[in-house]
Amino acid sequence: GPRLVRTEAAIAWIDLGGADTGNVLTRQQMAMLSDAIRMAGADPDVSVVAIAPGGEAFCLGRNGKGEPAEARPWDARQKQMGVTLDVYDAIATCPIPVVSCVQGNAIGFGAALAGGCDITLAAHSARFALPEIKHSIPATLAMSALIRKMPEKALAHLIYSGEAISAEEARGLGLVSKVFPAEAFGESCSAYLSALASRKRLLLETIKRYLGKAPQLSPEMASEYAGTLMALVKPSI
């Protein structure tokens, strides 16, 4: 299952642990992913968390087969939906940037996981899709991960159509940050992550804190918060 593979040069590398099966995650494995993200973010020697699975696919979704059906709606909310939402919360509350390295297809939960990270790096050959509507599922969990990352009309199109899009299309819609050629993807990701991890952790923390808080503030308070953060942090950087 998902685990923190190694920490090297201030980068914590997380693998999804299912290279042979499209990195499809069970409920238990999703909980393991949340734990790995939180553990990496809590390490003072880490500046960047990289979700970089092996295999051809980034993540082809979640596997609910064999999971017991919850009799009460509240139990379903806590146990089934809760583990998914907790992954998104672990990314949002991680004090440092979480970067997804999308070397292959990202479908359903995989697309929300990839796009929900602070930075999404994708191989040119990767494809993204949120096909839940085709299975009569309203993808509210995925939308909660992406609603602040993408323009509303772009997200609405992805959710309502359920269609697969290319990495370049995903970048145009705000789902992906940067696209690299597939043949140089690993090397390009490493270089990008190394440059980011070379910055002081406090600098990266401050940027993430502002990105997370400012959209909830009025323009006047967002301006005030920007000045306050800068005044507090700059002497230490």
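Side chains included, hydrogens not; waters and symmetry mates left out as well; all remaining heavy atoms used.
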To the nearest 0.5 Å, what is the distance between [atom1] ([X]) and [atom2] ([Y])?
{"X": "Leu33", "Y": "Leu4", "atom1": "CG", "atom2": "CG", "result": "11.0 Å"}
{"X": "Ser161", "Y": "Lys134", "atom1": "OG", "atom2": "NZ", "result": "7.5 Å"}
{"X": "Leu25", "Y": "Asn63", "atom1": "CG", "atom2": "CG", "result": "9.0 Å"}
{"X": "Ile91", "Y": "Cys117", "atom1": "CD1", "atom2": "SG", "result": "4.0 Å"}
{"X": "Ile11", "Y": "Asp45", "atom1": "CD1", "atom2": "CG", "result": "13.5 Å"}
{"X": "Leu130", "Y": "Leu158", "atom1": "CG", "atom2": "CG", "result": "5.5 Å"}

If hydrophobic clusters are built from ILVMFWY residues whose side chains come within less than 4.5 Å, do [X] and [Y] share one?
{"X": "Met30", "Y": "Met32", "value": "no"}
{"X": "Ile14", "Y": "Val99", "value": "no"}
{"X": "Leu121", "Y": "Ile51", "value": "no"}
{"X": "Leu113", "Y": "Met39", "value": "yes"}
{"X": "Ile207", "Y": "Met230", "value": "no"}

Between [X] (side chain) and [Y] (backbone), is there a donor-acceptor pair under 3.5 Å?
{"X": "Asn105", "Y": "Cys59", "answer": "no"}
{"X": "Glu205", "Y": "Leu202", "answer": "no"}
{"X": "Ser190", "Y": "Glu187", "answer": "no"}

So which atom in [X] and which in [Y] form the shortest heavy-atom distance, rounded to 0.1 Å?
{"X": "Cys189", "Y": "Phe180", "value": "N-CE1, 4.3 Å"}
{"X": "Thr21", "Y": "Val24", "value": "O-CG2, 3.4 Å"}
{"X": "Ala222", "Y": "Ala214", "value": "CB-O, 4.1 Å"}
{"X": "Tyr88", "Y": "Ser144", "value": "CD1-OG, 4.0 Å"}
{"X": "Ala129", "Y": "Ala164", "value": "CB-CA, 3.7 Å"}
{"X": "Gly115", "Y": "Leu146", "value": "C-CD2, 3.5 Å"}

- Pairs meeting criterion ring pair (Phe, Tyr, Trp, His ring centres under 6.0 Å) with involvement of residues 8-63, two or more places apart: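 Output for this query is empty, none listed.
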
Does any part of the side chain of [Y], heavy atoms only, come nearer than 4.5 Å to the side chain of [X], both counted from C-beta?
{"X": "Lys208", "Y": "Ile96", "value": "no"}
{"X": "Gln103", "Y": "Pro53", "value": "yes"}
{"X": "His157", "Y": "Glu163", "value": "yes"}
{"X": "Leu155", "Y": "Glu152", "value": "no"}
{"X": "Leu85", "Y": "Asp89", "value": "no"}
{"X": "Tyr192", "Y": "Ile119", "value": "yes"}
{"X": "Pro97", "Y": "Leu196", "value": "yes"}
{"X": "Ser194", "Y": "Val48", "value": "no"}

- Query: Are Cys101 and Thr120 close enough, and set up right, to give a side chain to side chain contact (heavy atoms under 4.5 Å, CB included), and what steps lead you there?
  - Reply: CA-CA 6 Å; Cys101 300; Thr120 305; over 6 Å; no

- Task: Output all residues satisfying side-chain contact (heavy atoms from CB on, under 4.5 Å) with Asp35, sequence neighbours left out; order by chain, then residue number.
- Result: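 By the side-chain contact (heavy atoms from CB on, under 4.5 Å) rule, Asp35 matches no residue at all.
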
- Item | Ionic contact status for Asp15 with Arg3, cut-off 4.0 Å |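 Looking at Asp15 together with Arg3, the answer is no, because their closest N to O distance does not fall below 4.0 Å.
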
- Message: Can you classify the ring geometry of Tyr210 versus Tyr225 as parallel (below 30°), tilted (30 to 60°) or perpendicular (above 60°)?
- Response: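 Tyr210 and Tyr225: parallel rings.
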
- Start with the C-alpha distance between Ile165 and Arg127, add both sets of side-chain angles, then the distance that settles side chain to side chain contact (heavy atoms under 4.5 Å, CB included), and finish with yes or no. CA-CA 6 Å; Ile165 59 172; Arg127 295 292 177 269; over 6 Å; no

- Message: I'd like to know whether CZ of Arg201 has more than 12 heavy-atom contacts from other residues, nucleotides or ligands below 6.0 angstrom.
- Response: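 Enclosed.
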
- Item | Over 12 non-hydrogen atoms of neighbours within 6.0 angstrom of CD in Glu56 |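 Incorrect, the count does not exceed 12.
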
- Message: Using side chain to side chain contact (heavy atoms under 4.5 Å, CB included), reason through Asp118 and Lys149 one step at a time and then give a plain yes or no.
- Response: CA-CA 9 Å; Asp118 300 300; Lys149 308 288 186 183; 4.1 Å; yes

- Message: Show, in sequence, the C-alpha distance, side-chain angles and deciding distance for Glu183 and His124, and conclude whether the side chain to side chain contact (heavy atoms under 4.5 Å, CB included) test is met.
- Response: CA-CA 9 Å; Glu183 60 273 14; His124 188 268; over 6 Å; no

- Which pairs pass salt bridge (charged side-chain N to carboxylate O under 4.0 Å, His left out) with one or both residues in residues 165-182, sequence neighbours excluded?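 For residues 165-182, and leaving out neighbouring residues, the salt bridge (charged side-chain N to carboxylate O under 4.0 Å, His left out) pairs sorted by first residue read Glu168-Arg171.
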
